[in-house]
Amino acid sequence: MTDLTSLTIAEAREGLAKKEFTATELTTSYIKAIDGADQLNAYVTKTPEKALEMAKASDERLAKGEARPLEGIPLGIKDLYCTKGVGAYACSHILDGFKPEYESTVSQNLWDDGAVMLGKLAMDEFAMGSTTETSYFGPVKNPWRAEGETIDRVPGGSSGGSAAAVAARICAGATASDTGGSIRQPAAFTGTVGIKPTYGRCSRWGMIAFASSLDQAGPIARTVRDAAIMLKSMASVDPKDTTSVDLPVPDYEAALTGNVKGMRIGIPKEYRVDGMPEEVEANWQQGIDWLKAAGAEIVDISLPMTKYALPAYYIVAPAEASSNLARYDGVKYGLRVNGNDIVDMYEKTRAAGFGSEVKRRILIGTYVLSAGYYDAYYLRAQKIRSLIKQDFDKAFQTVDTILTPATPSAAFELNKEITDPVEMYLNDIFTVTVNMAGLPGISVPSGKNGQGLPMGLQLIGKAFDEETLFRTAGVLEEAAGILEAPAKWW
Amino acid sequence: MSIDKDTVKRVARLARLSVTEEEAESLKGELNSILNWVEMLNEVDVDGVAPMTSVVTQEMKKRDDVVTDGNYANLVVSNAPASEENYFMVPKVIE
C-alpha cells in the first residue's frame, strides 16, 4: 500500500470515499509520521488519542454513506486557536497550562465538516516573528535543506509549525493565521500553498488576538486545490465576530477551471525593490511568462504607497498588540509570578511571561498610543492605510489580480544573528501591504532556487475575490509542477 | 526624535512590564531604531485623508439586548492561577 501520508487532501478524500483505506488507517499513518519527526519540533501538543477517536467517528459516518466535506482528514491546528480541553498557548510562556473551555469558530467549522485533529502547531510567540524562533517551545526546523547541505533553515513565521508540518507530510493540511505575512511567507519558505483570505472572511472568534484589524485565519496546504477545500470549511459568517462579513462562502474548488485566458494580471513596479536577489527577480519573470503563455494579459501598474506599508504596519500592529496583550495579567489564566502588591505581580508576571520580541512590540505600541503621540503615529498610520487601499482600488479598475514575489529571499539559516529588528521586519515587505488593505493574498510554490530551496509567488486579489486567486494560482502551480516532498533527513 | 532610557522605563511602567537597567538600555536602542525608521511616514501628505476604520463598508452589526450566554462561572475561572468559590484571587489591593 502507498504511504497514506503522501496523499493530498483531495486524494485522501477520494480514497476514503472509495473505501481503499479507513480514516483510522490514515490517521494512524500520520501519528506514526509525527512521532518520527520530533526533530522538526513542529508540534507543540500532540493529540493522538483524540485523533483516533475522531477518526473512528469518521469511519462510522463513511460506512453509513454520511461523509462530510473533510470526513476523516487529519489536520494540524496552529497553537493560536482555542481548542476545547487542549492547550492553546500561542507559544508563549505567559499562557502556561491554558486549556480553553471553548472552541474557536474556525476549528469548530473544521470538526463540523468531519476533520480529525492531530495536535497543535508551533508558531512565533503571539504570531510576532518571521522565523518561528520566538516560540517559547524552541525553534521549528524547515524540512527543506539546501542541496548537499545539512544546515538547518527556518520555516518562516509566524505559522512556521503549520508550514513545516504540511511540507514534511506530518499533517494533511493545517490552519494558520496572517497579520503581516504569517501564512504566505512560511508557505513560500516550505514549498506549500497558503492563502490569507479577505479580512472578515473567517471568524476571529477564539483566535488568540495579535492585531485585531489585521489578523485573519487561513489554511496552509500542499496544493491549491487542498487550500481551496480547507478555506471553504474554515470560512463562515459568525455572529460571534462582528467583523465577519455577511457574504455566502463560495465553492472555491469550482473556481479551479485552469482557465486564465484574457485575465488581466497587474505587475507593480514598486515591488522591484533595491537589492532584490536576482533569483527572486527571475522567478517573478518566470511567473509572468507562465501566465502570459496561459493566455493572460500582463499589465504594468503602480502602487506608489508600497514603501510606506511596512513602517505603517509597525505602528498599527504593535499598538493593537499592546492593547490586546494587556489581558495577560496573572489573574485570569496562565502564568502568575507573585509580587509585593498587585502592580508588582502584574509587572513580574508579564516580564517573566513574554519573550523579548513581544516585549519590544508592547513597548512600541504603548509608546505610540501614549498621551501626545496618538495623532502623530497611530492616526497617521491609519490614514496611510486608507491611501494604500486607494492604490489597490485604482489598480483593480484595470486588472483582475496582481502578481508579486512572496518573499525577498528563500528560507535562510536558523539562528541568523540579526541585531536590528528592522532588518527582520523586511521579510514581510511584499506581504504586509495586503493586510493593511484587508485584501486576500495567496502564496504558491513557483519552483526552486539554485540551492534547491522552494520559492513562492504571491497573487493579490480584490476584496472577497478569493476565487480568482485560486484559479490563477492553480495555473501557476500547473506550470511550475507540484513540488515533490522534501528529502527526509529527520 | 529619539527616546532616552527614562522614557523606556516610563513606557514599561505604563505597559506593566518590569525591565532591568540593562534591558532598558538595550530596548532604548531597539526602540529608537524602529522609531527612526517609521519617521519616513512623515513624508506622506495625509491632509484630508480619513483614517481607515474598516476594510469593507459594513453597517455595524447589532443584536437584540438579551442574555444569550453565561451561567458557568466555574468555567470562567477554571484557568485562573488562583480562585476560590468562582472568584479570581488577587493580592490585597486596599490597605
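Chain B forms the most heavy-atom pairs under 4.5 Å with one residue out of A:Ser370, A:Ala312, A:Pro239, and that residue is A:Ala312. Put simply, of A:Ala437, A:Ala463, A:Gly353, the one with the most heavy-atom pairs under 4.5 Å next to chain B is A:Ala437. Options A:Ile388, A:Ile362, A:Leu439, A:Ile384 differ in how many heavy-atom pairs under 4.5 Å they form with chain B, and the most are formed by A:Ile384. Note on A:Gly438, A:Ala351, A:Ser386: by heavy-atom pairs under 4.5 Å with chain B, the leading option is A:Ser386. Of the listed residues (B:Arg63, B:Met60, B:Met89), the greatest number of heavy-atom pairs within a distance under 4.5 Å of chain A belongs to B:Met89.
None of B:Ile34, B:Leu27, B:Val38 except one satisfies the side chain to side chain contact (heavy atoms under 4.5 Å, CB included) rule with A:Ile364; the exception is B:Ile34.
With rounding to the nearest 0.5 angstrom, the CG atom of B:Leu35 is 8.0 Å from the CD1 atom of A:Ile315. Remark: B:Ser78 OG to A:Phe98 CZ distance equals 8.0 Å, nearest 0.5 Å. Atoms CG and CD, from A:Asp246 and B:Glu59 in turn, are 10.5 Å apart once rounded to the nearest 0.5 Å. Going from atom CZ of B:Phe88 over to atom CG of A:Asp329 covers 9.0 Å, rounded to the nearest 0.5 Å. The distance from atom OG of A:Ser356 to atom CD of B:Glu23, rounded to the nearest 0.5 Å, is 9.0 Å. A:Leu363 CG to B:Lys28 NZ: the interatomic distance, rounded to the nearest 0.5 Å, is 14.5 Å.
Residues B:Lys61 and A:Ser244 are in side-chain contact: their nearest non-hydrogen atoms beyond the backbone lie under 4.5 Å apart.
Using a 4.5 Å cut-off between heavy atoms, A:Lys99 touches chain B through backbone and side chain atoms alike. The part of A:Phe354 that comes within reach of chain B is its side chain, from C-beta onward, which places non-hydrogen atoms under 4.5 angstrom from that chain. Proximity to chain B is limited to the backbone of A:Asp241, based on heavy atoms less than 4.5 angstrom apart. With a 4.5 angstrom heavy-atom cutoff, A:Met305 touches chain B only via side-chain atoms. Looking at A:Ser323, there are no atoms closer than 4.5 Å to chain B (heavy atoms on both sides), in backbone or side chain. Of the two parts of B:Asp69, neither the backbone nor the side chain holds a non-hydrogen atom closer than 4.5 Å to a non-hydrogen atom of chain A. With a 4.5 Å cut-off on non-hydrogen atoms, A:Leu310 touches chain B through its backbone and its side chain both. With a 4.5 Å cut-off on non-hydrogen atoms, A:Phe464 touches chain B through its side chain but not through its backbone. For B:Ser26, no part lies near chain A; criterion is any non-hydrogen pair under 4.5 Å. The parts of B:Val11 that come within reach of chain A are both its backbone and its side chain, each placing non-hydrogen atoms under 4.5 angstrom from that chain. Only the backbone of B:Asp45 comes within contact range of chain A, with heavy atoms under 4.5 Å apart. Heavy atoms closer than 4.5 Å to chain A are found in the backbone of B:Ala50, but not in its side chain.
Heavy-atom contacts from other residues, nucleotides or ligands closer than 6.0 Å to NZ of A:Lys394 number 12 or fewer. No more than 12 heavy atoms of other residues, nucleotides or ligands lie within 6.0 Å of NZ in A:Lys84, so this atom counts as exposed by the packing criterion.
Considering every non-hydrogen atom in both B:Met40 and A:Tyr308, the closest pair reads O-CE2, 3.5 Å. Shown here for B:Arg13 and A:Val343, the closest heavy-atom pair between the two residues is NH2-CG1, 3.9 Å. Shortest non-hydrogen contact noted between B:Leu17 and A:Glu347 is N-CG, 4.1 Å. For the pair B:Pro81 and A:Tyr333, the tightest heavy-atom approach, listed with the atom from each and the gap, is CD-N, 4.0 Å. Here the closest heavy-atom approach between residue B:Ala15 and residue A:Thr366 is recorded as CB-OG1, 3.5 Å.
A donor-acceptor contact shorter than 3.5 Å links the side chain of A:Arg380 to the backbone of B:Val44. Between the side chain of B:Arg16 and the backbone N or O of A:Lys348 there is no donor-acceptor pair closer than 3.5 Å. No donor-acceptor distance shorter than 3.5 angstrom exists from the side chain of A:Asp341 to the backbone of B:Val93, with no hydrogens or angles considered. The closest donor-acceptor contact from the side chain of A:Arg385 to the backbone of B:Pro51 lies at 3.5 Å or more, if one exists at all.
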**Prompt:** Please walk me through it: do A:Arg360 and B:Leu31 pass side-chain contact (heavy atoms from CB on, under 4.5 Å)?
**Reply:** CA-CA 7 Å; A:Arg360 191 148 56 219; B:Leu31 299 191; 4.0 Å; yes

**Asked** A:Tyr367 and B:Ile3: side-chain contact (heavy atoms from CB on, under 4.5 Å), yes or no, with the steps?
**Response** CA-CA 10 Å; A:Tyr367 180 75; B:Ile3 56 173; 3.3 Å; yes

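Residues B:Glu43 and A:Lys307 are paired through a salt bridge, judged by an N-O separation under 4.0 Å between the basic side chain and the carboxylate.
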